[in-house]
Amino acid sequence: MSSGRELDKFLLINELARRRGFFWQSFEIYGGVGGFVTYGPLGTQLKLNIESKIRDIFVKKLGILEIESSIVTPGKVFEASGHVNNFKESMVECADCGKRFRADYLINEKLGISLLDIEKMSLSEIKKIIKKNKLECLDCKANLKEPTQFLTMFKTTIGPYSGATGYGRPEAAQNIFVEFNRLYKMAREKLPFGVIQIGHALRNEISPRQGLIRLREFTIADLEFFFDPEKAESNFISEIENEILPILLAEKRKKGKEETSNFTVQEALDKKVVCSEWQIFFMVMAQKLLLEIGIPVEKQRFIEKLPWEKAHYATQCFDQEVYVDRWGWIEVSGHAYRTDYDLSSHMKATGADFRIFKELEKPIKKIQYFVKPKMDLIGPKFKEKTAEIINTISKTPAKDIIESFEKKGYYMIGDKKISENQVEVTQQKNIVRGKRFIPHVVEPSFGVDRLFYVALEYALKNKDNRTILSFPRSIAPIQIGVFPLVNKDGLNEKAKEISALLRTEDLLVEFDDAGSIGRRYARADEAGVPLCLTIDYRTMIDDTVTIRDRDLWKQVRVATNDLPRLLDDYFKGKITFEDFGDFIKSK
RNA sequence: GCGGUGGUAGUUCAGCUGGUAGAACGUCUCGUUGCCAACGAGAAGGUCGCCGGUUCGAGUCCGGUCCACCGCUCCA
């Protein structure tokens with residue numbers, strides 16, 4: 001091609017998506033705004049189907065609880081969660097050439113301070129460092145302006161009197177954490193349990209590019225799975241222990257290597273490649289989800305995040321990536337071990353108690369000691385110091401004081417000596433039945449728009465110069481096309497009748513009588529319709545129709561009466577096209 | 001935010017040195033049509049991204065602005 005760049009799949013998909021109504025950039029009549037997308041009729045249905053795959057795997061099969069909550073969130077929530085501090089970048093601008101740099105990269109490169117340490121610095125500390133070391137523009141060596149910060153959360157005020165700050169949520173997870181106590185009750189106060197939320201999130205990206213891959217408003221599916229860190233075993237491990245996960249390890253990445261290693265679940269756990277059983281369980285589920293929307297396993301991988309790449313809340317973090325034509329590997333889901341970071345943060349900020357009471361298997365009998373000052377002796381002796389001394393005694397563990405008595409015969413508070421006879425030591429037998437702890441969390445988090453994009457890209461096929469979207473049948477936005485072979489002799493009416501019949505069977509049906517039959521097949525292929533029924537003259541005689549398969553371009557003949565049952569089985573994945581009957585011989 | 005390229009019909013694009021918009025495909029109507037983008041006749045669709053300037057006259061020249069793509073940057 002003379003112009004240089006060939007048509008890649010990204011371009012093909014965007015063109016097809018606009019033309020056929022999968023998605024397009026929003027607000028086009030106002031010139032368009034980057035980072036916002038409108039899903040058309042076909043796209044909306046496809047996205048719904050992908051979301052129901054997520055619900056299928058997590059909500060229906062695993063009993064994860066689903067909630068739906070608000071996007072606008074009081075500022076305090078994201079202050080407590082650490083997002084207000086972490087969802088921002090310090091930038092410096094050259095006073096001369098206007099070029100912008102990330103302050104942390106600049107300091108790291110020039111002074112060798114680690115990115116992790118820089119992240120902890122405040123804006124004023126960064127300012128000081130730049131001044132002190134006289135850092136200058138990497139390009140033209142001119143002076144730098146004062147560093148500024150970008151907050152990548154959308155900020156607003158709640159209510160008309162500009163009182164309270166609100167943020168558009170940059171993730172759906174916090175809605176789950178703040179409702180923990182109620183949700184725990186709904187899980188019948190048993191660990192482990194999980195909660196999922198699928199909904200919009202907002203991130204005010206500096207430069208949203210790459211179509212559906214980076215949006216300012218997007219759909220996220222956050223699943224928070226709560227478990228007891230002392231009882232972190234997953235009861236599903238035996239079912240998945242031989243599943244294989246391709247993982248690109250952080251140590252390889254540090255050396256600049258790109259090779260993934262295949263681990264069975266068991267190996268990954270044994271070698272501590274993945275620290276949490278639940279985390280690896282959800283990684284396997286994520287791999288399965290992607291497979292079901294049409295991404296082959298060999299086009300998927302997990303990469304371990306490097307320390308400075310990890311979110312502020314995560315200890316161990318993997319990204320699930322899919323290989324795409326234009327950019328290579330892109331992230332479609334994140335798998336973070338968030339520990340008790342979020343629940344603890346909200347406890348500290350609000351005083352709510354998110355601890356869970358755990359009964360011990362065997363109650364522990366404990367003897368508890370109490371040291372009670374004899375006021376009639378201590379008061380007269382220490383006079384104005386008395387208050388301080390009895391205060392100290394009540395705060396000091398009784399055990400320490402008693403030990404001191406045993407060893408030395410007295411206990412020192414400052415320069416005051418307390419002797420055993422100035423206090424009364426009592427003991428009480430207690431039975432400890434349990435303890436309180438904060439659950440740990442692993443979080444799989446899916447970018448639904450990215451799943452949508454990769455599903456489209458992997459469905460995209462070309463056959464005889466025709467574009468085909470070869471969706472797995474369970475996510476196809478239209479399930480069946482119904483066509484009259486010709487528009488006369490009552491075939492059209494019969495076809496409409498059959499469409500109506502199939503619609504009552506809960507199938508997504510499209511009737512089409514425009515143009516030639518071949519054109520209609522082509523149109524259906526491009527919309528990813530798996531099966532097309534054609535009503536012909538024989539239908540009028542023996543009430544049978546032909547069914548044509550999108551990928552094989554083969555046909556079978558089936559009695560109209562059998563359609564509901566066969567199609568139901570087909571779309572539930574119980575039978576394949578071959579099970580419909582013998583192929584009609586092509587002329 | 002910076003640099004490069006671009007923005008014309010639903011889609012992909014053409015439009016030379018300024019003279020009030022074209023093609024292909026798609027869509028719709030009628031006819032035709034017995035299974036993989038057939039054919040014939042006809043029709044609808046664009047204030048050429050937006051704002052301003054130069055000019056008798058601007059899709060075309062100039063300035064600004066918005067948006068997209070590529071490269072930096074960003075992507076917690």
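Below, chains carry the letters A, B, ... as their sequence lines are ordered, and counting in each starts from 1. Everything numeric in this text was worked out from a predicted model, so none of it was measured.
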Could you give the distance from CZ (Phe483(A)) to SG (Cys532(A)), rounded to the nearest 0.5 Å? 3.5 Å
Note: for Arg19(A) and Gly515(A) on RNA chain B, the residue whose nearest nucleotide lies more 5' is Arg19(A)
Which value, in whole Å, describes the distance between the C1' atoms of nucleotides C50(B) and U8(B)? 14 Å
Can you find an N or O donor on one side and an acceptor on the other, under 3.5 Å apart, linking the side chain of Arg466(A) with the base of C36(B)? yes
Taking atom types as they are modelled, would you say the side chain of Arg520(A) forms a donor-acceptor pair with the base of C36(B) within the 3.5 Å cutoff? no
Decide, for G10(B), between syn and anti: a glycosidic angle within 90° of 0 counts as syn, anything else as anti. anti
Inspect the contact between Glu258(A) and Arg301(A) and indicate whether a charged nitrogen and a carboxylate oxygen are less than 4.0 angstrom apart. yes
Give the dot-bracket string for RNA chain B, reading 5' to 3', where a pair is Watson-Crick or G-U wobble with both distances under 3.5 Å, ( ) marks pairs inside the strand, [ ] marks pairs crossing earlier ones, | marks a partner on another strand, and . marks unpaired. (((((((..((((.....[..)))).(((((.......))))).....(((((..]....))))))))))))....
Arg18(A) side-chain N/O to U12(B) phosphate OP1/OP2 under 4.0 Å: yes
How do Gly518(A) and Gln210(A) order along RNA chain B: which one's closest nucleotide is nearer the 5' end? Gly518(A)
Using a heavy-atom cut-off of 4.0 Å across all strands, would you classify Gly211(A) as base, sugar-phosphate, or nothing? sugar-phosphate
To the nearest 0.5 Å, what is the distance between CZ (Arg450(A)) and CD1 (Ile50(A))? 14.5 Å
Span that lies between the C1' atom of U65(B) and that of G57(B), in whole angstrom: 25 Å
Could you give me the CA-CA distance, side-chain angles and deciding distance for Thr576(A) and Tyr570(A), then say whether side chain to side chain donor-acceptor pair (under 3.5 Å) is met? CA-CA 6 Å; Thr576(A) 65; Tyr570(A) 177 80; over 6 Å; no
Which part of the nucleic acid, if any, lies within reach of Leu485(A) when heavy atoms closer than 4.0 Å are counted: base, sugar-phosphate only, or nothing? base
Ile517(A) side-chain proximity, nearest of G10(B), C36(B), C35(B): C35(B)
Once salt bridge (Lys or Arg N to Asp or Glu O under 4.0 Å) is applied, do any residues pair with Asp342(A), and if so which ones, sequence neighbours excluded? Arg338(A)
Tell me: CG of Leu11(A) to C1' of U5(B), nearest whole Å? 14 Å
Could you tell me how far G18(B) sits from U11(B) if I compare only their P atoms? Round to whole Å. 30 Å
Is the NZ or CZ atom of Arg466(A) both under 6.0 Å from the centre of the six-membered ring of Trp553(A) and within 45° of that ring's axis? yes
Taking the same atom, C1', in C62(B) and in U54(B), what whole-Å distance lies between them? 7 Å
Between CG of Leu215(A) and C1' of A68(B) the distance, given in whole Å, is 14 Å
Which whole-number value in Å describes the distance from Ile584(A) CD1 to G34(B) P? 17 Å
Mark yes or no: Arg203(A) above the aromatic ring of Phe218(A), with NZ or CZ under 6.0 Å from the six-membered ring centre and no more than 45 degrees from the axis. no
Between Arg519(A) and G26(B), does any side-chain N or O lie under 4.0 Å from OP1 or OP2? yes
Trp553(A) has its side chain closest, among C75(B), U11(B), C36(B), to C36(B)
Rounded distance in Å - CG (Asn204(A)) to P (U73(B)): 21 Å
From CG of Asp512(A) over to P of A37(B), roughly how many Å is that when rounded to an integer? 14 Å
Is the base of G34(B) stacked against the aromatic ring of Tyr537(A), taking ring centres under 5.5 Å apart and planes under 30° as the test? yes
Please determine if a side-chain N or O atom of Ser516(A) lies less than 4.0 Å away from the OP1 or OP2 oxygen of U33(B). no
With a 3.5 Å cut-off and just heavy-atom distances, do the side chain of Gln555(A) and the base of C35(B) make a donor-acceptor pair? yes
For atom CG of Asp582(A), is the number of surrounding heavy atoms from other residues, nucleotides or ligands below 6.0 Å larger than 12? no
Provide the distance between the two P atoms, one in G3(B) and one in U20(B), to the nearest whole Å. 37 Å
What does Gln25(A) touch in the nucleic acid at a heavy-atom separation under 4.0 angstrom: a base, only the sugar-phosphate, or nothing? sugar-phosphate
Side chain of Thr546(A) - closest among U11(B), C35(B), U33(B): C35(B)
Is any N or O donor-acceptor pair between the side chain of Asp525(A) and the base of C36(B) shorter than 3.5 Å? no
Assess whether a salt bridge exists between Arg19(A) and Glu526(A), defined as any Lys/Arg side-chain N lying under 4.0 Å from an Asp/Glu carboxylate O. yes
Rounded to whole angstroms, how far apart are CH2 on Trp327(A) and P on C75(B)? 18 Å
Nearest of C75(B), C69(B), A37(B) to any side-chain atom of Phe10(A)? C69(B)
Measuring only the C1' atom in each nucleotide, how far is C67(B) from C51(B)? A whole number of Å is fine. 15 Å
Taking the C1' atom of each, how far is G22(B) from G46(B), in whole Å? 11 Å
What's the closest nucleotide to the side chain of Val486(A) if the choices are U12(B), G34(B), C70(B)? G34(B)
Selected nucleotide, minimal atom distance to Asn487(A) side chain, candidates C35(B), U33(B), C74(B): U33(B)
Take the protein atom CD1 of Ile303(A) and the nucleotide atom P of C75(B), then report the distance between them rounded to whole Å. 14 Å
Take the protein atom CZ of Phe36(A) and the nucleotide atom C1' of A68(B), then report the distance between them rounded to whole Å. 16 Å
Could you measure between the two C1' atoms, the one in A14(B) and the one in G7(B), and give it in whole Å? 15 Å
Is it true that the NZ or CZ of Lys47(A) lies under 6.0 Å from the centre of Phe452(A)'s six-membered ring and within 45 degrees of the ring axis? no
